[in-house]
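All remarks here apply to the structure that follows.
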Amino acid sequence: MQKTTNSTNSSRKNGAAILLESLLAHGEKIIFGYPGGSVIPLYETLRSYPEINHILVRHEQGAAFAANGYARVNRKPGVCLATSGPGATNLLTGVADAYMDSIPMIVLTGQVYSTLLGTDAFQEIDALGVFLPVVKHSYSVTSAKDIARVMSEAFHIANTGRPGPVHIDITKDAFLEIVDFDKSPKISIPGYKPTIIAHSKQLEKVAKIISEATRPIAIIGQGAHISHAEKEVLEFLEKTGIPCTETLLGLSTVPHNHSKNLGMLGMHGTVPANYAVHNADLIISLGSRFDDRITGKLSEFTRLAKFIHFDIDPAEIEKNVKKIVVPVVGDLKISLQNTIPLLEKTEFPAWIKQIEGWKEEYSMEKIRELNKGKACGKMRACKVIEILKEETEGNAVVVPDVGQNQMWTAQEYKANIPNSLLFSGGLGAMGCSLPMAMGAKVANPQREVWSISGDGGFQMNLQEMMTLIQEGIAVKIMVVNNNYLGMVRQWQEMFESGYSYVDMQNPDFIKLAEAYGIPSFKATTEEETRAAIKKCREIDGPTFIECLIGKEENIFPMVPQAKSLGDTQITE
């Protein structure tokens, strides 16, 4: 139906209009959503706001992941919307993912009439209670007069301090109620005062501790992207001469070909990065929270080193690592800007020589050669990602799913542009890739965006291919298909007595994508893969490639669970 012209002159509006006006006031013109009974008044009002682009997903989880991807690229809150009950619960996984990875979002859910609350009415759930563990804050709104204030507070909370999702549950009668509209509500949130500027005394201690180190290393985390501190991180490394490694979410902060960049750290990190952290006498965390996937066995992780921890969230200080000699609480960009003038150029010749030896002995090329037999003559996944990197010249936004495909992408796609690798990190949510890539493309239509999935994860949200077609969102989809739940299979092979429920019988993915109206290609060789990628890049619209790889190719290096970084395996 044709949208009508919105009248914005009246100072009295219903709650639905107030919500939409609030979105516009905060610069948000995109909503990823799915209608339902409790939000029908909002959708009726939305017809009068042609400046707001509502993207109709095919599943509410797609809405949450799309808003998540949108926020990761735009670095400002993405907005998702669902009705009460199952609509709200379907958002939960994408919201939890945003919470774990510190992604700002505004999560809007409808609720039954306020007079029905607590009666187990149709599609009533305690949305406030459901969302509370996985958001920075959760609101329950039962009157239109509170919507403008709550929206302003939500945007402030979501995008300040350590970012994250904020949930707002609004009853149906609050959408319908007509009240005076306050366009500039005052924000007053007692107790919420994030520390932005770190204490100068702590920064002086940082400089002193660095000057005393002989084997230092910096760990670059998601906080570097969140605070837009890529430039400052590079200046810090170049002034001090300290080598660095990046977490999964910190990848693309430092140019991959920088002489001091040892690559990714952790369970599937590079051997030089893991060995350097394992043997360091000083570990400097720049926006990383020391999660278990980078520390390995914690007692071994902390055996030799002192720790400096830069983080905007004081709750992260000594949460996992208890030996923090200098905590620095504040925005990373500002903290580094104030620290760099205090630093002196230093050299660590023996340490750098040791690291260069590890780089030579344990190069990824040698490790790939050691493990090529597992591909059984089939195309190797690592080569698929390498070819994608070559064809896009490392300039695309790449959104892998979770599993082996994610680790191959992390290892092989060397992004040239910061914040171009979007991962589900803390939650590790299969099915995230396609809708997250969709949100990323909406956030920046000029960037080339690739969704990379395994055959398992792809089938969790493949319905969003129809959203791509209806909305004209030109995401390029690649499924790396080994007909297994590959990461689980690898663990079963390495640590269990055999395979259990990981063998996947799959549909004909090419016919499936074509049924959605998406041009599709199948590749069984490296030559076919390169040709298919070239064709996809020439097409102005969504495309699909299925790459068939060896069924039992494993991802190495690998730190077995409960082992230390010093126990990194390079082959079976």
- Item | Separation between CD1 of I539 and CZ of F521, rounded to the nearest 0.5 Å | 4.0 Å
- Output for pair (M151 CE, L19 CG), nearest 0.5 Å, gives 4.0 Å
- Just jot down the side chain to side chain contact (heavy atoms under 4.5 Å, CB included) partners of E44, sequence neighbours excluded, or say none. R47
- Taking T467 for its side chain and Q463 for its backbone only, find out whether a donor-acceptor pair lies under 3.5 Å. no
- Query: Yes or no on side-chain contact (heavy atoms from CB on, under 4.5 Å) for L81 and Y43, after CA distance, side-chain angles and deciding distance?
  - Reply: CA-CA 10 Å; L81 167 64; Y43 276 86; 3.6 Å; yes
- Does the K136 side chain pair with the main chain of I157, one donor and one acceptor, at a distance under 3.5 Å? yes
- Query: Which atoms form the tightest heavy-atom contact between N261 and V254, and what is the distance?
  - Reply: ND2-O, 3.3 Å
- Message: Checking side-chain polar atoms at under 3.5 Å, does T524 have a donor or acceptor matched by the opposite partner on E528?
- Response: yes
- Do other residues, nucleotides or ligands put more than 12 heavy atoms under 6.0 Å from the NZ atom of K378? no
- Examine H54 together with Y49 and report whether their ring centres are nearer than 6.0 Å. no
- Reported OG-to-CD1 distance for the pair S227 and I312, which is rounded to 0.5 angstrom: 8.0 Å
- Message: Regarding Q404 and Y484, do their side chains bring together a donor and an acceptor under 3.5 Å, going by distance alone?
- Response: no
- For E230 and N419, what are the C-alpha separation, side-chain angles and deciding distance, and is it a side-chain hydrogen bond (donor to acceptor under 3.5 Å, both in side chains)? CA-CA 9 Å; E230 293 90 352; N419 198 39; over 6 Å; no
- Item | Qualifying residue for side chain to side chain contact (heavy atoms under 4.5 Å, CB included) with T529, from M379, E391, K534 | M379
- Could you tell me the separation between the OG1 atom of T245 and the CD1 atom of I294, rounded to the nearest 0.5 Å? 8.5 Å
- Note on the structure: Test side chain to side chain contact (heavy atoms under 4.5 Å, CB included), reference V449, set V397, I477, V398, L422, output is V397
- Message: Whether E386 and R380 form a salt bridge (side-chain N of Lys/Arg under 4.0 Å from carboxylate O of Asp/Glu) is what I want to check.
- Response: no
- Message: If we count only N and O atoms by modelled type, under 3.5 Å, do the side chains of S420 and Y413 hold a donor and an acceptor together?
- Response: no
- dist N481:CG -> N405:CG (nearest 0.5 Å) comes out at 11.0 Å
- Query: Are F544 and Y516 close enough that their ring centers fall under 6.0 Å?
  - Reply: no
- Query: Distance-only, no hydrogens or angles: does the Q222 side chain make a donor-acceptor pair with backbone N or O of S102 under 3.5 Å?
  - Reply: no
- Spell out, as yes or no, whether a donor-acceptor pair under 3.5 Å connects the side chain of H268 to the backbone of P557. yes
- Going by atom types alone, do D455 and N483 pair a side-chain donor with an acceptor below 3.5 Å? no
- Item | Test: K476 and E448 ion pair at under 4.0 Å | no
- Item | Nearest heavy atoms of L91 and A82, plus distance in Å | CD1-CB, 3.6 Å
- Query: Is it the case that E552 and N554 place a side-chain donor and acceptor less than 3.5 Å from each other?
  - Reply: no
- Message: Tell me whether K333 is salt-bridged to E232, with the criterion being a basic N under 4.0 Å from an acidic carboxylate O.
- Response: yes
- Thinking salt bridges, do E526 and R530 make one under a 4.0 Å N-O criterion? no
Tabulate below the donor-acceptor pairs under 3.5 Å that side-chain atoms of residues 423-441 make, not counting sequence neighbours, or state none.
| from | atom 1 | to | atom 2 | distance (Å) |
| --- | --- | --- | --- | --- |
| S424 | OG | D97 | OD1 | 2.4 |
| S424 | OG | G428 | N | 3.2 |
| S424 | OG | A429 | N | 2.9 |
| S433 | OG | V399 | O | 2.6 |
| S433 | OG | S451 | OG | 2.7 |
| S433 | OG | I452 | N | 3.3 |
| S433 | OG | I452 | O | 3.4 |
| K441 | NZ | P445 | O | 2.9 |
| K441 | NZ | R447 | O | 2.7 |

- Any donor-acceptor pair under 3.5 Å from R58 side chain to L56 backbone: yes
- What one should report as the nearest heavy-atom pair of V57 and Y34 is O-CD1, 3.2 Å
- Note on the structure: All heavy atoms of Q490 vs all of I555, minimum pair found to be OE1-N, 2.9 Å
- In short, ring pair (Phe, Tyr, Trp, His ring centres under 6.0 Å) pairs touching residues 427-446 with sequence neighbours left out are none
- Task: Mind checking the CG-CD1 spacing from L251 to I220? Nearest 0.5 Å is all I need.
- Result: 11.0 Å
- Between D313 and R289, is the closest basic N to carboxylate O distance under 4.0 Å? no
- Item | Atom CZ of F122: over 12 foreign heavy atoms under 6.0 Å | no
